[in-house]
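Each ligand, and each atom within it, is numbered from 1 in the order the structure gives.
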Amino acid sequence: MISKNKFQSLNVIGLGYIGLPTAAVFASRKIRVCGVDINKETVNTINRGEIHIVEPDLDIAVHSTVKEGFLKASLTPESSDAFIIAVPTPFKDKKQPDLSCVEAAVSNIAPVLKKGDLIILESTSPVGTTEHMAKGLAEFRSDLRIPTLNRSEGDFDVFIAHCPERVLPGRVMRELVENARIIGGMTKKCAEMARELYKIFVNGDCLLTDVRTAEMAKLTENAFRDVNIAFSNELSLISDKIGINVWELINLANRHPRVNILQPGCGVGGHCIAVDPWFLVSASPELARITRVAREVNDSKPEWVVAKISKEVSKMLEGGALCSAEEITIACFGLTFKPDIDDLRESPALEITKRVAAEHAGKVLAVEPHIGEDCFLGSDDLNFFLSNITEALEQADILVMLVDHKEFKSIDKYLLSGKKIIDTKGIWK
Ligand code: SAJ
């Protein structure tokens with residue numbers, strides 16, 4: 001059945017972890033979607049009905065929507081009823097936001113815009129980015145009346161909104177549909193138009209607000225999680241020093257009806273939690289004090305893990321069973337930025353493994369069941385050996401648990417006996 005919605009066609013700019021699933025879900029609701037990406041290989045892969053990232057159920061959605069003709073990929077945008085921008089917003093030197101991908105997307109869509117179009121920024125952005133984007137569009141298209149200020153009033157030719165994505169990698173296809181959605185409009189009408197678009201597939205509540213509040217809400221959510229994880233990482237350092245099992249400690253504390261501490265680990269990675277809080281800090285350095293310290297605590301955890309491994313090596317040598325560090329093999333379990341995904345972006349586990357391999361005189365193995373060896377082919381800075389679970393358990397003297405993938409949780413405990421274990425996730429305790 002063809003949708004009766006005002007929106008029959010859509011461009012999604014950026015076909016990454018958010019853009020591609022979003023494009024596929026709209027296309028599965030019979031909207032004609034043109035996904036735009038700067039990477040030719042990505043475009044070709046999608047046009048073959050295949051995907052370039054790992055996300056449960058995404059392959060099925062892309063395959064069927066491409067086959068039915070509702071989804072296609074292209075290097076350039078085309079005229080449509082709505083545009084969703086889902087490009088990266090990383091930070092550059094000194095933790096300052098890098099908006100160059102948003103700016104490039106704006107200059108790409110500007111020529112094809114027409115009266116009545118809706119433009120949505122989905123990328124997580126510092127407060128003020130949607131207005132910056134609108135001003136950019138207004139410069140390119142002085143023939144269109146474009147709202148450029150938060151809470152603008154009056155009649156305009158195009159509608160602009162910020163609707164941050166909030167889905168969790170690994171559960172994207174489900175969360176896209178089920179999660180509540182924050183919709184910030186440059187005007188009230190802009191927010192209402194954006195709600196009409198998202199209601200095509202969103203079953204959760206659509207919560208309308210202005211663009212600045214929507215931008216700030218997304219940063220707040222990720223900074224809140226970062227601060228909570230930083231607290232758990234701080235507890236893990238204190239507990240280690242005084243000989244307490246931090247996971248037992250947190251489990252007990254969390255039995256209080258109003259306490260919910262997250263889990264410590266080897267650090268915080270990914271392209272969101274490890275990045276977005278800096279947008280708050282860079283906007284108000286003198287005010288965002290807890291946010292900054294939390295970032296620093298989480299960012300310093302990998303260093304602590306590396307030092308702990310090095311201490312374990314020294315202890316083994318002092319024990320006298322081995323003469324030199326070269327005889328000691330270390331196996332690091334997990335390289336991705338969190339469990340059960342294939343994403344290495346900002347991964348503290350990868351950083352730790354590389355650093356250990358650079359500093360340790362003996363062999364360093366890495367076990368990562370979610371990444372194929374070809375991913376590392378041609379990489380000049382690969383200074384460790386890729387291994388599998390059995391080989392690593394046989395060869396290594398020190399086992400370092402970095403990422404609690406389900407494959408590692410099910411390792412028989414007797415296979416770990418006799419090994420020195422550094423468990424940053426508390427699964428082999
Ligand atoms: N981590 C811990 N301890 C925990 C939970 C996570 O150390 O208890 C670590 C993970 O190992 C990982 C990092 O934090 O290295 C981030 O993982 P995550 O699962 O907390 O978050 P992301 O980056 O995958 O997704 C987050 C989510 N935000 C919130 O939960 C507030 C998601 O909903 C957002 O859509 C996403 O950021 C985003 O795109 O901004």
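The nearest heavy-atom contact from the protein to atom 33 (O) of ligand 1 is Arg166 O, 2.8 Å. The protein heavy atom nearest to atom 8 (O) of ligand 1 is Gln263 N, 2.9 Å. Nearest non-hydrogen protein atom to atom 21 (O) of ligand 1 is Ile273 CG1, 3.7 Å. Given atom 40 (O) of ligand 1, the protein heavy atom at minimum distance is Lys218 NZ, 2.5 Å. For atom 31 (C) of ligand 1, the closest non-hydrogen atom of the protein is Asn222 OD1, 3.2 Å.
Taken to the nearest 0.5 Å, the CD atom of Glu196 stands 10.5 Å off from the CG atom of Asp81. Remark: Leu197 CG to Glu192 CD distance equals 14.0 Å, nearest 0.5 Å. Residue Leu235 holds its CG atom at 5.5 Å from CD1 of Ile250, rounded to the nearest 0.5 Å. Atom-to-atom distance recorded for Glu359:CD and Asn383:CG is 10.5 Å, nearest 0.5 angstrom.
The distance from ligand 1 to the heavy atoms of Cys272 drops below 4.0 Å at these ligand atoms: 23 (O), 36 (C), 37 (O), 38 (C), 39 (O), 40 (O). For ligand 1, the atoms lying closer than 4.0 Å to a non-hydrogen atom of Val167 are 32 (C), 33 (O), 34 (C), 35 (O), 36 (C). Near Ile229, meaning under 4.0 Å from one of its heavy atoms, ligand 1 places the atoms 1 (N), 2 (C), 3 (N), 4 (C), 5 (C), 6 (C), 7 (O), 14 (O). The ligand atoms of ligand 1 that sit less than 4.0 angstrom from a heavy atom of Pro169 are 24 (O), 25 (O).
Between Glu221 and ligand 1, a contact under 3.5 Å exists for no N or O pair. Checked by distance only, ligand 1 and Thr124 stay at 3.5 Å or farther apart across all their nitrogen or oxygen atoms. At under 3.5 Å, a nitrogen or oxygen of Lys338, whether backbone or side chain, sits near a nitrogen or oxygen of ligand 1. Where the criterion is an N or O separation shorter than 3.5 Å, residue side chain and backbone included, Phe337 meets it with respect to ligand 1. For a threshold of 3.5 Å applied to N or O pairs, the pair formed by Glu165 and ligand 1 contains at least one separation below that value.
Neither the backbone nor the side chain of His271 has any atom closer than 4.0 Å to an atom of ligand 1 (non-hydrogen atoms only).
The shell of residues lying under 4.0 angstrom from ligand 1, judged by heavy atoms, includes Gly269. For the ligand labelled ligand 1, residue Glu175 lies outside the 4.0 Å heavy-atom shell.
The side chain to side chain contact (heavy atoms under 4.5 Å, CB included) test with Leu75 singles out one residue from Val43, Val36, Asn39, Ile38, and that residue is Val43. Test Lys94, Arg295, Gln96 against Trp278 for side chain to side chain contact (heavy atoms under 4.5 Å, CB included) and you get one pass: Arg295.
Taking the six-membered ring where tryptophan is involved, the planes of Tyr198 and Phe26 are tilted, since the angle between them lies from 30° to 60°.
In this comparison of Arg225, Lys425, Glu122, the heavy atom closest to atom 5 (C) of ligand 1 sits on Arg225. Scanning Asp226, Leu168, Leu262, Ile341 for the heavy atom closest to atom 27 (C) of ligand 1 points to Leu168.
A cation-pi arrangement is present between Lys363 and Phe385 under the rule of less than 6.0 angstrom and at most 45 degrees off the ring axis.
Counted by atom type alone, His162 and Glu122 present zero donor-acceptor pairs between their side chains at under 3.5 Å. Neither side chain, Thr148 nor Glu131, offers a donor N or O lying under 3.5 Å from an acceptor on the other. Side-chain atoms of Asp343 and Thr336 include no donor-acceptor pair closer than 3.5 Å.
With sequence neighbours excluded, the residues that form a side chain to side chain contact (heavy atoms under 4.5 Å, CB included) with Glu178 are Arg174.
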